[in-house]
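Taking it in order: structure first as structure tokens, then the write-up.
Chain letters run A, B, ... following the sequence lines, proteins first, then strands; residues in each count from 1. Keep in mind it's a predicted model, so treat the numbers as computed, not measured.
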Amino acid sequence: MSPEGGGYDPQVIDATWQARWRAEGTYEVDNDDPRPPYYVLCMYPYPSGRAHMGHVRNYTFGDLLTRYRTMRGYGVLSPIGFDSFGLPAENAAIATGTHPRAFTEQRIGELTSSLARIGASYDWRRLVTSHDPRTIRWSQRIFNRFFAAGLVYRKHATVNWDPVDQTVLANEQVLADGTADRSGAVVEKRDLEQWFFRITDYAQELLDDLDPLDWPEKVKTMQRNWIGRSEGAEFELRLCAPDGAPDPAGRSFRVFTTRPDTSFGMTFCVLAPDHPLVADITTDERRADVEAFVARVRATAEIDRLSSERALADRGCATGAHVLNPFTGTPVPVYLADYVLATYGTGAVMAVPGEDQRDWDFAGAFGLPIVETVQRPDGWDGEAYAGDGPHINSGWLDGLDKAAAVAASIDWLVTHGIGERRVNFRLRDWLVSRQRFWGCPIPIVHCPDHGPVPVPDDALPVLAPDDVELRPSGQSPLVSHEGFLHTTCPVCGGPARRETDTMDTFVDSSWYFLRFCDPGNDDAPFDPAAVARWMPVDQYIGGVEHAILHLLYARFFTKALADLGVAPEQLREPFARLFTQGMVRLGGSRMSKSRGNLVAPEDILDVEGADALRLAHLFSGPPADDVDWETVGIEGCTRFLGRLWRLAEPASAAVAPAEGDAAGLVDREAHRLIQRVTDDYERWSYNTAVAACMAFTNHLYKEGSTVFAVDTLLLLLAPMCPHITAELWARRHDGDHLHERSWPVADAALAAVERVTMVVQVNGKLRERVEVDAGIDAAEAERLALATPKVVDALNGRPPRRVVARPPTLVNVVV
RNA sequence: GCGGGCGUGGCGGAACUGGCAGACGCGCCAGGUUUAGGACCUGGUGUCGAGAGACGUGGGGGUUCGAGUCCCCCCGCCCGCACCA
């Protein structure tokens, strides 16, 4: 290490350049910036304190892209914010007595410092946090717009209730085994009055608009499955006596099916245990059993309900009621079963055991008849048959295949006024109420005379009071805060009570990316013109764990806001391109606080510095893949940065300059490197981009360096390791700022290869290598190949059976 | 069960459109430098074989002049949804 130049000291260099970027506003961009716009966005973080490795990975990719696109001449919008409402702050408040705001703002400070320390570059003027009263005001304004448009409504819902923490939980806080992720208690069901967003109005559009998005196919598929469109028919079943005599009261219910073609095989039907008609249709003889069954299902934890261990006979119950199968005119019994869900379709199904395995199993357990309505293929040895085939035992549908029989059966239902074609979605409306304190208050006043009334726009934001005591009482402290609770009705001025529920924090993350476009706006959530300039986000980066909820909600918000005229009308999708990065694991398991296997990025920043840490993440493998930190060799990256320093630092000069022809060859190599690395950046192949830069550095150590080659290397590495490259560039170029330079452009003529190694194969096996001119034609390649000793040997005087020439890289001689 | 993906050295991975398998890095081995250690520099490193060479991308088959890459079957692993009628 040369004493004159000084060694590579990341502590000093990182801090120097981070301060300079911040002070000079290097990555600030105005809405009238003359450069073409490009919007890079990392999913904004929940402020949990100092950054963990997942953050580092995420924000390294985002920062790299910001710097790269800036060098390519774009005005890059790269904002950051914090998803600062949420459960952990509230739990900490209950545990320690700290106000959630103080707790949260401390965590924001820590995460902000971490982000700065990895060198992430943002336009800090655009900072948006969910708990900021300015954000709350516009979240509430949007709620009111949705309310006015009928996109918000209130209804009774069965929600998850944690009996230990005494609170309602979101679905995502309930584990697969039916226990709460925080308390571990078995979650109960409770009926409460809740607020919903009518996302199902957009189900079809949310499905259709996925197709053109440049998103991982996996994420699009997950969303399609979540939306869960299915086509079929809905029709009416009329109650009757066991002998088929009409029900004197004329009662009926409707069923949804995707297989109306199999209706002739309906030998019973099934209602959900909580179907509203259950009590009404149950016969007196069956009432005791039915009531016991319904009570049992309600009390049974989800996990037990789903268990395949349970005897089927315990999962259903006869009601004693009968309905007429309209296709056959015969009566069939009505059962209850826990596998029929009240919330999907009509909460009632016709059962066709011949063509549905669940119905088959149920029929077996209850001794119900099975009628096959589709001809089994030869050799079929299964039970229920769901495939295609000619219909049998189906009256006028006999002989038709599935598609024809579906169409004919629906026509028949329509003609007879019994039912109609029907599309159902699995997607439910979005339950947004949370009985929590640390969230955006729902801006509603309940008036005894006028019902729920929105708080007028000019009275927003509705802010939660600070003088509350957070206790695990099962209610938001707002419920018992008299000053907050009591207000007047905006319509009549009479006494009224404030809504005490807050909004799901997914509401905040459903529009924050729009606010980033116009964060200072005091008249509206954002100016549609500002949004039109930047949106949609050109590159969105985040974890695949948000593949469904956040991304679906944000898409819904964008569409709804566009339809309401809040966002530009033509903005139908928020995120044009999505990249989901892999998770950081340690020794195979997920890194997490609870597992106690966190590797603190700050410890690495203290020693190896930001550039080595970033490089380690970039080099470890494809960005989309999970990475096991145990196998990441930061040593190689640290070593490389040392080599780079001794190559490029003017006074450290460990590499001699290339002389004469060698210099020209090195420069040509540099042009090829530009092509290679640029291509790698464009296709998210950063591990190979790093590899190419390492290989080139090795090459320079061997062949000698040139000013052009080293400068090129620094430019290409600038987005990946911005500190060391900026420092080296400044030392080489009289204080010049690397990150204001343009991305290098390869000279195609110089990059072109003149001499290449041509591979000669005999029968597809490698036999010779020949140095040839890159411009040779097929005839010349063949001539050279046939003249090589191994080929002459193999031919032994005979002519080749065939010669395949792919000049200038390969010739295959078939003998 | 349905959907998506993956399987390459001791390890992370590379091979983009079918054309030199294993780039780059870790680790390991040897040499240099150093008082020594560390750091650094150079070379080597898929398996078998003294060598020529043979074998080699989870297993089996196929297409092709040529297959890690395309097709079929099987095995194993990961992820998502999971009684959605």
Checklist entry - Using a distance-only test with no angle check, is there a side-chain donor-acceptor pair under 3.5 angstrom linking A:D361 and A:Y339? => result no

Is any side-chain N or O of [X] closer than 4.0 Å to OP1 or OP2 of [N]?
{"X": "A:R426", "N": "B:C2", "answer": "no"}
{"X": "A:R643", "N": "B:C41", "answer": "yes"}
{"X": "A:R802", "N": "B:C65", "answer": "yes"}
{"X": "A:R646", "N": "B:C41", "answer": "yes"}
{"X": "A:K790", "N": "B:G53", "answer": "yes"}

Next on the checklist: Students often get this wrong, so: under 4.0 angstrom with heavy atoms, is A:D625 touching a base, only sugar-phosphate, or nothing?
Outcome noted: nothing

Next on the checklist: For a quick check of understanding: with a heavy-atom distance under 4.0 Å over all strands, which category does A:P622 fall into, base, sugar-phosphate or nothing?
Outcome noted: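 Counting heavy atoms under 4.0 Å across all strands, the contact made by A:P622 is with sugar-phosphate only.
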
Item to check | Strand partner of B:C65, provided both Watson-Crick or wobble distances fall under 3.5 Å | outcome: B:G19

Next on the checklist: Determine whether a donor-acceptor pair (one donor, one acceptor, N or O, separation below 3.5 Å) exists between the side chain of A:N812 and the base of B:C65.
Outcome noted: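 Checked by distance alone, the answer is yes.
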
Checklist entry - What about A:W684 and A:Y686, are their ring centers closer than 6.0 Å? => result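 They qualify: ring centres under 6.0 Å apart.
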
Next on the checklist: For the backbone of A:A689 and the side chain of A:D680, can you confirm whether one donor and one acceptor N or O come within less than 3.5 Å of each other?
Outcome noted: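 Yes: the side chain of A:D680 pairs with the backbone of A:A689.
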
